[in-house]
There are 2 protein chains.
Amino acid sequence: MSGAGVKRGRPPAFDRTTALTAATRLFWEHGYEATSVGELTRAMGIKPGSLYAAFGDKKSLFKEVVHTYGRSPVGAFIGTALEEEPTAHGAFRRILCEAAAVYPDPSHPAGCLTISAATNVTVQDAEVAAFLRDLRNANLAAFETRLTTAQQQGELPAAANPRALAAYFAAVIQGMSQRARDGATTMELTETAELALDAWPQAQD
Amino acid sequence: MSGAGVKRGRPPAFDRTTALTAATRLFWEHGYEATSVGELTRAMGIKPGSLYAAFGDKKSLFKEVVHTYGRSPVGAFIGTALEEEPTAHGAFRRILCEAAAVYPDPSHPAGCLTISAATNVTVQDAEVAAFLRDLRNANLAAFETRLTTAQQQGELPAAANPRALAAYFAAVIQGMSQRARDGATTMELTETAELALDAWPQAQD
DNA sequence: TTAATTATAGAGCGATCACTCAAGAACGTG
DNA sequence: CACGTTCTTGAGTGATCGCTCTATAATTAA
């Protein structure tokens, strides 16, 4: 083999991560189809040829954006809380409170990219919508798994319904993302989070 | 004046209401920008010239669709429940249960048109997104008004927060619409509705 | 019948879409 | 230096976008 780490040819004039961040902001704000390649190249500071050489086509760029977003602090806080918190109640309390803090944060577009970036798509881009829908439904399944475990460990009463609770919290979180895009503040969303937690099952006595 | 009700010239070959219904289904399913004029004319059974003569431009057609939708049973059930139910608790219980029944109904596209038809728009169509956002926020204000009245009439305890409750139910409903578009069934959404109602303030004793 | 009016069908407008290509510039290696 | 390789540039591809125009068909009024 020839040297694996040797760089040959003209070096790229742009930072790949920086360009990806610019693309993320656009897709986050306007969604997949409402963001044109022309807007992307302008925001990323590169020409179409460079974009297609570095990221493939528009769909591949979007998937890479979603993948990177899901591994960023803003995009991964749900999975992190599910893993780190010792109790399911603590995990969902933390998820809701962090969503209230993160979704309206003015340092990035409002709401969750995964929830809102492919709501309106043409027939020929249905695959992109399905891609995000699968991510959301996988998240729902993770909620249910965490709640089922909590019930088996005795944290949740036997009468509780882990699947229904998971769907409920998924709906609340998706609604909070929508409300943030409509202008809701962290204060309002925190109140929403607190009310949402009132639905947590209480042990029957 | 000449006769006001007299029809002159060639009569239209299509039914305006039927055409509007076809346009509604498309906008409901794919949203404003992801629905092309070509798809609209094909579904409505008319040519571009007829569409523009009868409805103005694409934006005017969309606004008429939203207006008509808001006056249909499917689009008006929230306002109807707020008016008809004697208690605020009864109103929100009915709203949530009807949302669970209506949003996944296979006789029309899933979810609520007002919630999801203009999530992803280009910069030049920001006005359309603002149009629906204003409708959603007006709905939120109606929730708050209804809850404030309930508190003044003693239905809600003094410690309750009408604004926070309104925002909470708005988020839940928007989340239920999203979940319906992701495949949630009436059964699942009914469970979500029941859990959501657990947050209703209880009188302190 | 003739004129006035309105709706139709179908071609086609400029602009923008995602995307590609050819030419040249910037690098490491001989 | 020349060579191979990679990246940048800028023009330009066909397709589709929202929308308009013209010619003609269908109706009522005179």
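To find a chain, count down the sequence lines: A is the first, B the second, and so on, and within it residues start at 1.
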Report the residues that fulfil side-chain hydrogen bond (donor to acceptor under 3.5 Å, both in side chains) with [X], sequence neighbours left out, ordered by chain and then residue number.
{"X": "Ser60(A)", "value": "Asp57(A)"}
{"X": "Thr18(B)", "value": "Asp15(B)"}
{"X": "Glu98(A)", "value": "Arg94(A)"}

Test salt bridge (Lys or Arg N to Asp or Glu O under 4.0 Å) applied to Lys47(B) - qualifying residues, sequence neighbours left out: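 For Lys47(B) there are no salt bridge (Lys or Arg N to Asp or Glu O under 4.0 Å) partners, ignoring immediate neighbours.
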List for me each residue that meets salt bridge (Lys or Arg N to Asp or Glu O under 4.0 Å) alongside Glu64(B), sequence neighbours excluded, and say none if there are none.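 Per chain and number, Glu64(B) pairs via salt bridge (Lys or Arg N to Asp or Glu O under 4.0 Å) with Arg16(B).
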Does any residue of residues 56-63 of chain B have a heavy atom under 4.0 Å from DNA chain D, and if so, which ones, in number order?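 Those residues whose heavy atoms fall under 4.0 Å from DNA chain D, taken from residues 56-63 of chain B in numerical order, are Asp57(B), Lys58(B).
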Contact string for nucleotides 22-30 of chain C, one letter per nucleotide 5' to 3', B = base within protein heavy-atom range under 4.0 Å, S = sugar-phosphate only, - = neither, reads --BBBBSS-
If you look only at pairs with a residue in residues 122-153 of chain A, which of them pass as a ring pair (Phe, Tyr, Trp, His ring centres under 6.0 Å), with sequence neighbours excluded?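 Those involving residues 122-153 of chain A are Phe92(A)-Phe143(A).
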Would you list the pairs meeting ring pair (Phe, Tyr, Trp, His ring centres under 6.0 Å) in which at least one residue belongs to residues 179-199 of chain A, sequence neighbours left out?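 Sorted pair list comes back empty.
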Without decimals, in angstroms, what is the distance between Gln124(B) CD and dA15(C) P?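 Between P of dA15(C) and CD of Gln124(B): 14 Å.
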At a heavy-atom distance below 4.0 Å, what parts of residues 28-51 of chain B sit against DNA chain C?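 Contacts with DNA chain C under 4.0 Å: Lys47(B), Ser50(B).
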Only counting residues at least two apart or in another chain, list the ones meeting ring-ring contact (aromatic ring centres under 6.0 Å, His included) with Tyr103(B).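 Testing Tyr103(B) for ring-ring contact (aromatic ring centres under 6.0 Å, His included), a comparison that skips the adjacent residues, returns none.
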Is there a side-chain contact between Glu39(B) and Thr122(A), using heavy atoms and a 4.5 Å cut-off?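 No - every pair of side-chain heavy atoms lies 4.5 Å or more apart.
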Find out whether Asn139(A) and Thr114(A) are in side-chain contact, i.e. whether some heavy atom of one side chain is under 4.5 Å from a heavy atom of the other.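 The answer is no, as the side chains (C-beta and beyond) never meet within the 4.5 Å cut-off.
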Would you call the rings of Tyr69(B) and Trp28(B) parallel, tilted or perpendicular if under 30° counts as parallel and over 60° as perpendicular?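 The arrangement is perpendicular - the two ring planes meet at more than 60°.
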Extract, from 5' to 3' on DNA chain D, the first and final nucleotides lying under 4.0 angstrom from some heavy atom of chain A.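 Contact boundaries, 5' end first: dT5(D) to dG10(D).
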Could you tell me if Lys58(B) sits above the aromatic ring of Tyr32(B), with its cationic atom closer than 6.0 Å to the ring centre and no more than 45 degrees from the axis?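 Pair Lys58(B)/Tyr32(B) counts as cation-pi.
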